[in-house]
K.L.:
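Can you read through this structure? Questions will come right after.
Side chains included, hydrogens not; waters and symmetry mates left out as well; all remaining heavy atoms used.
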Amino acid sequence: MPELPEVETTKRGIEPHITNKRVKEVIIRQKRLRWDVPNSLSAGLTGHSITTVNRRGKYLLLESTKGTLLIHLGMSGSLRIVNSELVADKHDHVDIVFDNGKALRFTDPRRFGCLLWEQDTIESHPLLANLGPEPLSEDFDSSYLYKVSRGRSAAIKTFVMNSKVVVGVGNIYAAEALFMAGINPKRAAGKVSKATYEKLIPCIKEILQNAINLGGTTLRDFTNSSGEPGYFKQSLNVYGRGGEECVQCKRLLTEIRLGQRSTVYCKNCQK
DNA sequence: ACTTCGACCTGTTGGC
DNA sequence: TGCCAACAGGTCGAAG
């Protein structure tokens with residue numbers, strides 16, 4: 001489900017509702033996720049307050065004075081602010097209940113997401129330690145991408161979706177950025193010129209920033225923490241449009257699979 | 001060191 | 001209408 005814009009949208013939605021709020025109780029209804037929700041989460045958070053909400057790639061980091069709650073939404077995860085009395089549904093895994101009667105509710109039908117509790121320094125957590133730069137930061141530029149791509153045979157789309165290269169670029173926005181930049185997603189990353197990376201970088205940044213501004217992309221079920229959809233779907237030029245007309249040249253868009261992910265592009269506009 | 005692929009899950013969709 | 005295969009916003013970890 002969520003790529004960086006959807007995670008950022010979620011972060012902005014929950015942040016004002018949970019910052020400096022004391023946790024009354026942690027209810028773990030269904031601990032089975034990618035990794036089991038640890039029992040230490042309840043003991044660690046109860047009675048303490050969330051001090052800061054950070055995002056690193058697609059991970060949300062809810063920091064308290066006692067430790068950090070690390071959350072990943074996987075493919076189908078979401079976080080909402082609800083009244084704590086609201087009856088839980090089938091796939092509602094965890095409630096972080098606050099003193100004011102509100103709760104942060106984590107829902108995830110496919111269970112590819114995770115909630116982990118980390119007492120020590122969060123930066124050194126194995127899931128975070130090897131992540132690449134943030135795509136919207138200055139560290140992510142054409143020199144960097146050119147340098148790390150040398151000798152790599154992977155398709156450029158697969159390459160930019162690799163979180164060790166850059167975080168947060170998933171299947172939707174990789175396809176959209178490559179279309180905007182006019183680059184064929186199949187091209188070997190290691191053979192792409194510096195000049196072409198100079199074209200690609202601002203496209204990735206612009207696509208992600210636009211999507212954040214519009215509250216993310218709602219395909220089937222993504223909503224923000226208040227239950228509203230994102231409006232970036234209407235800006236999609238290639239994702240999910242295989243066989244339809246290219247918005248630029250009107251030829252039919254090609255759909256292939258790259259790295260087990262469906263990939264749509266225009267053979268005419270993307271070289 | 002890098003690439004590929006299976007695995008993890010449930011829900012929805014499209015073809016017959 | 002029903003059934004079933006294919007597919008879905010991610011990514012870890014094993015195997016090559």
K.L.:
Taking atom P in both B/dG6 and C/dC7, compute the distance separating them and give it to the nearest angstrom.
P.N.:
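Between the two P atoms, the distance is 13 Å.
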K.L.:
Using a heavy-atom cut-off of under 4.0 Å over every strand shown, decide if A/S153 touches base, sugar-phosphate, or nothing.
P.N.:
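Counting heavy atoms under 4.0 Å across all strands, the contact made by A/S153 is with sugar-phosphate only.
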K.L.:
Reckon A/Y239 touches a base, only the sugar-phosphate, or nothing at all at heavy-atom distances under 4.0 Å?
P.N.:
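Touches sugar-phosphate only.
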K.L.:
Closest approach to the side chain of A/R32, judged atom by atom: which nucleotide of B/dC9, B/dT3, B/dG11 is it?
P.N.:
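Among B/dC9, B/dT3, B/dG11, the one nearest the side chain of A/R32 is B/dC9.
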K.L.:
Looking at the side chain of A/E6, which of C/dG9, B/dG11, B/dC9 is the nearest nucleotide?
P.N.:
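Per side-chain heavy atoms of A/E6, the pick is C/dG9.
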K.L.:
If you check the A/R111 side chain, which of C/dT11, B/dC9, C/dG9 turns out closest?
P.N.:
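Closest nucleotide to the A/R111 side chain: B/dC9.
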K.L.:
Is it possible for you to check whether A/R241 lies under 6.0 Å from the centre of the six-membered ring of A/Y239, through NZ or CZ, and within 45° of that ring's axis?
P.N.:
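So A/R241 doesn't make the cation-pi contact.
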K.L.:
Please determine whether the number of non-hydrogen atoms from other residues, nucleotides or ligands lying under 6.0 Å from atom NZ of A/K205 exceeds 12.
P.N.:
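It does: A/K205 NZ has more than 12 such atoms within range.
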K.L.:
Using only atom types and a distance under 3.5 Å, with no angle test, would you say the side chain of A/T46 pairs donor to acceptor with the backbone of A/A43?
P.N.:
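Such a contact is absent between A/T46 side chain and A/A43 backbone.
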K.L.:
With Watson-Crick and G-U wobble geometry limited to distances under 3.5 Å, how should the secondary structure of DNA chain B be encoded in dot-bracket form, using | for bases paired to another strand and [ ] for crossing pairs?
P.N.:
.|||||||.|||||||
K.L.:
On a whole-Å scale, what distance lies between the P atoms belonging to C/dG9 and B/dG14?
P.N.:
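To the nearest whole Å, 15 Å.
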K.L.:
Whether A/H91 contacts B/dT10 is assessed here as follows: a side-chain N or O lying under 4.0 Å from the phosphate OP1 or OP2. Is that the case?
P.N.:
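Answer is no, no contact under 4.0 Å.
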K.L.:
For the side chain of A/K90, counting heavy atoms from C-beta on, which of B/dG11, C/dA8, B/dC2 is nearest?
P.N.:
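In terms of side-chain proximity for A/K90, the closest of B/dG11, C/dA8, B/dC2 is B/dG11.
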K.L.:
When you check the phosphate oxygens OP1 and OP2 of B/dC8, does a side-chain N or O of A/R110 lie under 4.0 Å from one of them?
P.N.:
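Answer is no, no contact under 4.0 Å.
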K.L.:
With a cut-off of less than 4.0 Å, is there a side-chain N or O of A/R261 near OP1 or OP2 of C/dG9?
P.N.:
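Indeed, a polar side-chain atom of A/R261 lies that close.
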K.L.:
Classify the angle between the aromatic ring planes of A/F159 and A/Y197 as parallel (below 30°), tilted (30 to 60°) or perpendicular (above 60°).
P.N.:
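Correct class here is tilted.
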K.L.:
Shorter than 3.5 Å, N or O on both sides, protein versus nucleotides 12-16 of chain C: list them out with atom names.
P.N.:
residue	atom	partner	partner atom	Å
C/dC12	OP1	A/Y59	OH	3.2
C/dC12	O4'	A/R34	NH2	2.5

K.L.:
Ring centres under 6.0 Å, that's the criterion: do A/F179 and A/Y173 meet it?
P.N.:
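A/F179 vs A/Y173: aromatic centres not under 6.0 Å.
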K.L.:
Taking A/D92 for the side chain and A/F106 for the main chain, is one N or O donor matched with an acceptor at less than 3.5 Å?
P.N.:
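Answer holds: no.
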K.L.:
Quick one: which of B/dT3, C/dT11, C/dG9 gets closest to the side chain of A/K58?
P.N.:
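So the nucleotide nearest the side chain must be C/dT11.
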